[in-house]
**Student:** 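Below is a structure I'd like to ask you about.
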Amino acid sequence: MTPAQLQDLLATMFAPWVQELDLVVRAVEPDGVMLALPVGTRHVHGGGVLCGQTLMAAADTAMVLAISAQLGGFRPMTTVQLQTSFLRPVGKDMGEVTVVARVLRPGRQLVFGEIECLLPDGKLAAHATTTYALL
């Protein structure tokens with residue numbers, strides 16, 4: 001799938017609140033995708049940093065797109081596990097976070113993956129491992 005096809009998938013298959021993350025598909029690779037997550041004021045909490053929930057939602061969405069790209073199109077799936085470690089805060093003035101999702105092991109029923117959320121300087125802000133069940 002192309003970045004444009006995945007962007008269209010974002011606009012048509014995901015819940016409106018996920019669409020409000022304003023994710024942009026930057027690249028599609030054989031094993032995954034790269035997205036941009038704009039750091040907007042509606043996702044910054046009182047401490048002046050991006051909410052962890054926003055990063056987790058972006059990570060989960062990126063992995064669905066990575067799996068869809070590998071399958072050649074969307075297939076119903078559900079998140080079984082999403083384990084996230086937050087390593088650095090994402091300040092309100094960061095601009096955007098790069099979200100890189102990779103499929104580590106595709107299976108007939110389960111897919112395993114990992115996601116990195118990177119600051120503009122390339123440092124790791126969050127790391128997630130995931131398991132998805134194909135329905």
Side-chain angles (χ1 to χ4, degrees):
M1 296 184 74
T2 67
Q5 289 171 317
L6 289 178
Q7 196 70 51
D8 184 59
L9 187 65
L10 262 171
T12 58
M13 294 300 295
F14 288 82
W17 71 268
V18 174
Q19 295 171 13
E20 290 175 7
L21 294 173
D22 296 325
L23 292 164
V24 177
V25 180
R26 296 274 193 229
V28 180
E29 301 292 332
D31 66 342
V33 298
M34 180 186 305
L35 309 179
L37 167 65
V39 178
T41 56
R42 67 180 162 203
H43 299 291
V44 173
H45 65 61
V49 297
L50 190 68
C51 294
Q53 297 93 329
T54 297
L55 285 173
M56 289 180 76
D60 192 45
T61 303
M63 186 53 64
V64 171
L65 293 176
I67 294 168
S68 296
Q70 197 162 82
L71 293 174
F74 178 78
R75 180 172 162 191
M77 65 187 83
T78 189
T79 308
V80 174
Q81 179 266 339
L82 176 61
Q83 173 67 41
T84 307
S85 297
F86 300 98
L87 305 168
R88 288 182 177 79
V90 178
K92 62 183 178 183
D93 298 325
M94 287 287 175
E96 70 180 29
V97 174
T98 299
V99 182
V100 180
R102 291 182 201 87
V103 174
L104 298 176
R105 184 178 176 277
R108 286 181 292 141
Q109 295 179 334
L110 294 176
V111 179
F112 300 89
E114 75 171 342
I115 304 107
E116 295 179 329
C117 298
L118 305 165
L119 299 174
D121 64 5
K123 291 182 180 174
L124 191 59
H127 178 266
T129 57
T130 61
T131 306
Y132 292 79
L134 299 175
L135 305 175

**Student:** Rounded to the nearest 0.5 Å, what separates atom OG1 in T130 from atom CD1 in I115?
**Tutor:**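 CD1 of I115 is found 4.0 Å from OG1 of T130.
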
**Student:** When rounded to the nearest 0.5 angstrom, what is the spacing between OG1 in T84 and CG in L55?
**Tutor:** 8.5 Å

**Student:** Checking E116 side chain against V99 main chain: does a donor-acceptor pair fall under 3.5 Å?
**Tutor:**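 No; zero donor-acceptor contacts below 3.5 Å.
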
**Student:** Between R42 and D22, is there a side-chain N and carboxylate O pair less than 4.0 Å apart?
**Tutor:** yes

**Student:** Write down the atom of V44, the atom of C51, and the distance for their closest heavy-atom approach.
**Tutor:**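 For V44 versus C51, the nearest heavy atoms are C-SG, 4.4 Å.
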
**Student:** Taking atom CG of D60 and atom CZ of F14, what is their separation to the nearest 0.5 Å?
**Tutor:** 8.0 Å

**Student:** Could you go through the side chain to side chain contact (heavy atoms under 4.5 Å, CB included) check for L35 and V25 one step at a time?
**Tutor:** CA-CA 4 Å; L35 309 179; V25 180; 3.5 Å; yes

**Student:** For R26, give me all partners under salt bridge (Lys or Arg N to Asp or Glu O under 4.0 Å), at least two apart in sequence or on another chain.
**Tutor:**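 Listed in chain order: E96.
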
**Student:** How many angstroms lie between OG1 in T61 and CD in Q19, if you round to the nearest 0.5 Å?
**Tutor:**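 Here the rounded value is 10.0 Å.
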
**Student:** What's the spacing between H127 NE2 and Q83 CD if we round to 0.5 Å?
**Tutor:** 10.5 Å

**Student:** Assess the residue pair V80 and F112 against the criterion (side chain to side chain contact (heavy atoms under 4.5 Å, CB included)); give the C-alpha distance rounded to whole Å, side-chain angles, the decisive distance to 0.1 Å, and a yes or no.
**Tutor:** CA-CA 10 Å; V80 174; F112 300 89; over 6 Å; no

**Student:** Using links of under 4.5 Å between side-chain heavy atoms of ILVMFWY residues, direct or through other members, which residues join L124 in one cluster?
**Tutor:** M34, L87, V100, L118

**Student:** In the hydrophobic cluster built from side-chain contacts under 4.5 Å, what are the other members alongside L104?
**Tutor:**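 Grouped by the 4.5 Å side-chain rule, L104 forms a cluster of one, so the answer is none.
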
**Student:** So, taking the atom named CD1 in I67 and the one named CG in L71, what distance separates them when rounded to the nearest 0.5 Å?
**Tutor:**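 CG of L71 is found 7.5 Å from CD1 of I67.
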
**Student:** With V97 as reference, evaluate C117, P38, P120 under the side-chain contact (heavy atoms from CB on, under 4.5 Å) test and give the passing residue.
**Tutor:**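 Considering C117, P38, P120, a side-chain contact (heavy atoms from CB on, under 4.5 Å) with V97 is found only for C117.
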
**Student:** For T129, does its backbone N or O pair with a side-chain atom of E114 as donor and acceptor, under 3.5 Å?
**Tutor:**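 No, the answer is negative, given that no donor and acceptor are paired below the 3.5 Å cut-off.
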
